[in-house]
Amino acid sequence: YATGSSNPWTAAFRAIGPAFFYFFVAGIATVMLGPLLPALSARWHIQDEQAGTLFTVVFVGELCGAWFATRNLRFSVLAGSCITAAGCVLLAWADFGAAHIALFCVGLGLGAGLTAGNVIVGTAATSFRTRLLALLNVAWGAGAIICSLLVRACGPGRVPLFFLILAGCLLLAALFAIEIPPAAPRMAS
């Protein structure tokens, strides 16, 4: 992998940087059902036991996505981001039944992208793997924290706006993922 930078650290961080941005956005998508549940329950006129099926569908989607993450890690992050974005766009206008399909897509994309992102960052520098993965988790956690703020900023009556903003961020993450090399370069140990 050739870059214009003579510093191997800069080149490696530039290579794995998109994974950090993806994890930030994926943190928002992973926890969105929690802060959105009151608004979605009111929108779809559902009870708590019905709402529980939404979490199950996301989990099953994540499991399948992790199972089908390919050896082409960049493709898995890129496709995962796009599949999650498509699910979010569908959620903007979905009724309760269609929401299950949309949330399965969200989970499928998250499972593929998060699995691949962990491998990309974890193999970038074996001597600094723990630090890099800890920072990756911080990026995911920051997104998870921002989620509630974004839901609140959009307001309970504008749930579709939240989903469209998130879909736009996921598509941006997909564009950044194009910059991940097919095999992320290893940093000098």
Look up atom [atom1] in [X] and atom [atom2] in [Y], then write down how far apart they are to the nearest 0.5 Å.
X: Leu149; Y: Cys154; atom1: CG; atom2: SG; value: 11.0 Å
X: Thr123; Y: Leu133; atom1: OG1; atom2: CG; value: 9.0 Å
X: Ile165; Y: Cys88; atom1: CD1; atom2: SG; value: 11.5 Å
X: Leu166; Y: Leu161; atom1: CG; atom2: CG; value: 11.0 Å

Checklist entry - Does anything in residues 87-107 pair up under side chain to side chain donor-acceptor pair (under 3.5 Å), and if so which pairs, sequence neighbours excluded? => result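 Sorted pair list: Thr53-His100.
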Item to check | Within 6.0 angstrom of Phe55 CZ, more than 12 heavy atoms from elsewhere | outcome: yes
Next on the checklist: Tell me whether the count of non-hydrogen atoms from other residues, nucleotides or ligands lying under 6.0 Å of CZ in Phe75 goes above 12.
Outcome noted: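 No.
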Item to check | Chi angles and distances behind the side chain to side chain contact (heavy atoms under 4.5 Å, CB included) call for Leu54, Phe96 | outcome: CA-CA 9 Å; Leu54 300 174; Phe96 180 65; 3.9 Å; yes
I need the minimum non-hydrogen distance between [X] and [Y], along with the two atoms involved.
X: His45; Y: Gln50; answer: O-OE1, 4.4 Å
X: Val77; Y: Tyr22; answer: CG1-CG, 4.0 Å
X: Ile16; Y: Ala124; answer: CG2-CB, 3.8 Å
X: Cys147; Y: Met32; answer: SG-CA, 3.5 Å
X: Ala116; Y: Leu73; answer: CB-O, 3.6 Å
X: Phe20; Y: Leu136; answer: CE2-N, 3.4 Å

Who pairs with [X] by side-chain contact (heavy atoms from CB on, under 4.5 Å), at least two apart in sequence or on another chain?
X: Ser148; result: Pro35
X: Phe68; result: Cys64
X: Ala86; result: none
X: Asn137; result: none

Next on the checklist: Test: ring-ring contact (aromatic ring centres under 6.0 Å, His included). Region: residues 137-165. Which pairs qualify, not counting sequence neighbours?
Outcome noted: none
Checklist outcome for this item: Grouping ILVMFWY residues whenever side-chain heavy atoms fall under 4.5 Å, the cluster of Leu175 otherwise contains Leu78, Ile178
Side-chain atoms of residues 105-115: list all donor-acceptor pairs with protein atoms under 3.5 Å, sequence neighbours left out, distances to 0.1 Å.
residue: Thr115; atom: OG1; partner: Gly111; partner atom: O; Å: 2.6

Do [X] and [Y] belong to the same hydrophobic cluster, where Ile, Leu, Val, Met, Phe, Trp and Tyr are linked whenever their side-chain heavy atoms lie under 4.5 Å apart, directly or via other members?
X: Leu90; Y: Val60; value: no
X: Leu164; Y: Leu103; value: no
X: Val58; Y: Val159; value: yes
X: Ile46; Y: Ile101; value: no
X: Ile146; Y: Leu170; value: yes

Checklist entry - Are side-chain heavy atoms of Leu135 and Val121 found at a separation under 4.5 Å? => result no
Checklist entry - Under 3.5 Å, side chain of Arg43 to main-chain N/O of Ala39, donor-acceptor pair present? => result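 No; zero donor-acceptor contacts below 3.5 Å.
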Item to check | Audit row: Cys169, Ile28, side chain to side chain contact (heavy atoms under 4.5 Å, CB included) steps and yes/no | outcome: CA-CA 10 Å; Cys169 291; Ile28 297 170; 5.9 Å; no
Item to check | Non-neighbouring partners of Phe176 that pass ring-ring contact (aromatic ring centres under 6.0 Å, His included), sequence neighbours left out | outcome: Phe21
Checklist entry - Can you list the residues that meet the ring-ring contact (aromatic ring centres under 6.0 Å, His included) rule with Phe104, with sequence neighbours excluded? => result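 With neighbours one apart ignored, the set is empty.
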